[in-house]
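Comments concern the structure below.
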Amino acid sequence: MAKKFKPLTSVLVKPAGPDCNLNCSYCFYLEKEELFKNSPMLRMSPKIQEELIRQVMQQSGESVSIAWQGGEPTLMGLDFYKRAIELEMKYGHGQMVGNGLQTNGVLLNREWAKFLKQYDWLVGISLDGPEHIHNKYRFNKAGKGTHKIVEENAMMLLDEGVAANAMCCVTSYSVNYPEELYNYFKEKGLTFMQFIPIVETDKNDPTKAAPFSVSAEDYGRFLVKLFDLWLADFQNGQPTTSIRHFESVFHTYVGMDAPECTMMKECGPYVAVEHNGNVYSCDFFVEPRWKLGNLMHDRLINMLNSKKQTAFGSMKGKIPTKCRRCSWLSNCYGGCTKDRIKDPADHMMPRFCTSYKMFFSHADGVLRQMAEQWKQQQQDYQQAQQTGGTYNAFDDFMGGK
């Protein structure tokens, strides 16, 4: 059977590497500095930036997305991203380009916001919730909480009309406050939300997970409560807030692949590019074993379709027999591969297996009804088009920002 060719549709870029102006307790990427200890400065050079964008634009199809992450990507300065736009225009061939910036928000200002709005960038801002939650783990280099400035800059983005998502890490502490978190983001106008369960290995005891890691049972209860809050805000059968996890799950209920890679059958739909041009299988696996090459010597499209990347992708499917027999398998596929290895004491089953079972047992009936409604309205929409009529299709559950 021939290997399926993967088109270049998405690239994740770390232009400042693991360098960051914060020192968050749960950050997994700061330790990657060890990989680049011989580098004089963790910054992407103009030469590498141009080669990166040239390849992305020339090797992609009708559309491509570039996610600029870190570390902290705003350390590059705004001129770096202005040049990125110029290079995309220079090397593009008429395709749609979606730029995204994931930032801790500390360095943002009105000039940044106006640029992000002008070029329609999607911004994921790392805001863990109200002050007592955010400041629990998100510190600056002096050990001070960062809530005030991040919240102010998030509000500034919304004021300037920037498409901004709340990126909320769920820890052993914040998992206890689903209602407070949801209402906080909603009241602030951050109605596009992404909740990311945190699990990392304890640096003091590598045989277990770090204390801030969220447990499967707690995360399951969190998802159930969050789902009910999301559902309670529906108006006329349509959501008024966007929660990425639920929208990704909904894809699986209408027979489509989930856009969130944690729920895909295989990993590896994108590559991660470091500041020095090194290319890796995933930003959670930036390590020598999963280095695919360097874009100054290799083509991105070839690395994406390499044997090593294929092996990385298939690793996700190596799940216990119990998982393969699970009725929810096609809705989660075991979750993120990295979550299975971060807790050495619990490596036999996917970390959040219990979480997903709790959630699907609770939400399955409603999701099935929603899926049937969506399918029917899609049929009505298609029939209206064929007869020359008009019809407002069911709100785009598969969209979300």
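For K148, the salt bridge (Lys or Arg N to Asp or Glu O under 4.0 Å) test picks out E152, with sequence neighbours left out. Listed by chain and number, the residues in a salt bridge (Lys or Arg N to Asp or Glu O under 4.0 Å) with K186 are D233 (sequence neighbours excluded).
The closest side-chain donor-acceptor pair between N104 and E72 falls under 3.5 angstrom. Under the 3.5 Å distance criterion, with hydrogens and angles disregarded, no donor-acceptor pair is assigned to the side chains of D128 and Y184. Between the side chains of Y91 and E50, at least one donor-acceptor pair of N or O atoms lies under 3.5 Å.
In this structure, F359 has its ring center no closer than 6.0 Å to that of W328.
Under the 3.5 Å distance criterion, the side-chain polar atoms of Q49 are matched with a main-chain donor or acceptor of F80. Of the possible polar contacts, none joining the Q55 side chain to the M296 backbone as a donor-acceptor pair under 3.5 Å is found.
Checked for salt-bridge contact, E111 and K82 meet the test: a charged N lies under 4.0 Å from a carboxylate O. Here D228 does not pair with K225 in a salt bridge; the nearest charged N to carboxylate O distance is not below 4.0 Å. Under 4.0 Å is where a charged nitrogen must lie from a carboxylate oxygen, and between D159 and R110 at least one such pair does.
Taking 4.5 Å as the limit, some side-chain heavy atom of F360 sits within range of a side-chain heavy atom of N331.
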